[in-house]
Amino acid sequence: MILHLGDSLPWMRSLPSNSVDSIVCDPPYGLSAPPDVAVVLEAWLAGDAYEHGSAGFMGAKWDSFVPGPRVYRECLRILRPGGHLAAFAGTRTVDLMGISIRLAGFEVRDCLHWTYFSGFPKSMDISKALDRMAGAEREVVGVYTDPDGGTR
């Protein structure tokens, strides 16, 4: 395996057409300030790049918005016939990512969803929290003794 570090667009442009079997990528999700979607689509439909005005994750400009169709046109160019593109997207911008990929010439056939939860307190026993909220007393059924002699 060879790892290439750098901006993917110039690197893909150095590859010959029809030379890649598949592309799996995790592009910027564009989770910064929401854009005016009409302005984005107007630029993309005119064949222009859309420049998002705010910074992305941790202030990085490159991460401020989803890649436009020019990136995915290059992906399509280097893919062999029958090749597949699998691109991750954020839940808030998956629609724009899909439009960008479609405008590049790809046919979107399937979408895989990764469902996860976030923001849940990691150290909380929810059953104990619910009992506490309801004013319920829990019956002590045993005491655990740690190897160092402490009890819980």
Side-chain angles (χ1 to χ4, degrees), residues 1-136 138 144 146 152:
M1 176 191 288
I2 300 171
L3 178 64
H4 298 275
L5 179 63
D7 186 342
S8 62
L9 191 56
W11 182 78
M12 285 192 296
R13 286 181 176 148
S14 74
L15 296 175
S17 297
N18 304 319
S19 62
V20 174
D21 292 312
S22 66
I23 298 172
V24 178
C25 58
D26 191 12
Y29 291 0
L31 300 179
S32 60
D36 180 343
V37 176
V39 174
V40 174
L41 293 178
E42 187 177 311
W44 286 356
L45 289 171
D48 299 330
Y50 170 75
E51 293 296 326
H52 193 55
S54 66
F57 181 69
M58 295 181 64
K61 177 104 175 107
W62 64 266
D63 195 33
S64 68
F65 197 61
V66 298
R70 69 185 180 134
V71 172
Y72 296 110
R73 275 190 212 101
E74 199 58 29
C75 290
L76 189 61
R77 183 192 67 79
I78 65 173
L79 275 173
R80 289 190 173 115
H84 289 83
L85 168 74
F88 286 82
T91 54
R92 289 183 282 169
T93 55
V94 68
D95 57 336
L96 291 168
M97 187 81 77
I99 290 169
S100 178
I101 290 168
R102 283 179 184 265
L103 287 173
F106 279 95
E107 176 184 335
V108 177
R109 291 195 177 178
D110 297 306
C111 290
L112 303 174
H113 296 272
W114 173 32
T115 303
Y116 63 94
F117 300 96
S118 63
F120 185 82
K122 308 293 187 271
S123 62
M124 179 183 285
D125 181 335
I126 192 69
S127 66
K128 288 180 183 177
L130 291 172
D131 283 350
R132 205 171 17 259
M133 284 174 41
R138 288 182 161 226
Y144 173 76
D146 291 328
R152 292 190 260 170

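For the numbers below, each heavy atom of this structure counts, side chains included, while hydrogens, waters and symmetry mates do not.
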Which heavy-atom pair separates [X] from [Y] by the least distance, and what is that distance?
X: Arg138; Y: Ser127; answer: NH2-OG, 2.8 Å
X: Met97; Y: Tyr72; answer: SD-OH, 3.0 Å
X: Pro67; Y: Ser100; answer: O-OG, 2.8 Å
X: Ile78; Y: Leu15; answer: CD1-CD1, 3.8 Å
X: Ala104; Y: Leu76; answer: O-CD2, 3.4 Å
X: Ser32; Y: Ala55; answer: CB-O, 3.1 Å

Using a cut-off of 6.0 Å, state whether more than 12 heavy atoms not belonging to Arg92 lie near its atom CZ.
-> no
With a cut-off of 6.0 Å (strictly less than), are more than 12 heavy atoms of other residues, nucleotides or ligands near NZ of Lys128?
-> no
Just how far is it from atom [atom1] of [X] to atom [atom2] of [Y], taken to the nearest 0.5 Å?
X: Leu96; Y: Ile101; atom1: CG; atom2: CD1; value: 11.0 Å
X: Trp62; Y: His52; atom1: CH2; atom2: NE2; value: 14.0 Å
X: Arg70; Y: Asp48; atom1: CZ; atom2: CG; value: 10.5 Å
X: Phe106; Y: Leu79; atom1: CZ; atom2: CG; value: 5.0 Å
X: Glu74; Y: Ser8; atom1: CD; atom2: OG; value: 9.5 Å
X: Met133; Y: Ile126; atom1: CE; atom2: CD1; value: 8.0 Å

Within the side chain of Thr93, is there an N or O that forms a donor-acceptor pair under 3.5 Å with the backbone of Tyr29?
-> yes
Verify, without hydrogens or angle tests, whether Arg77 (side chain) and Met12 (backbone) share a donor-acceptor contact under 3.5 angstrom.
-> yes
State, with a plain yes or no, whether a side-chain heavy atom of Asn18 is found less than 4.5 Å away from one of Pro81.
-> yes
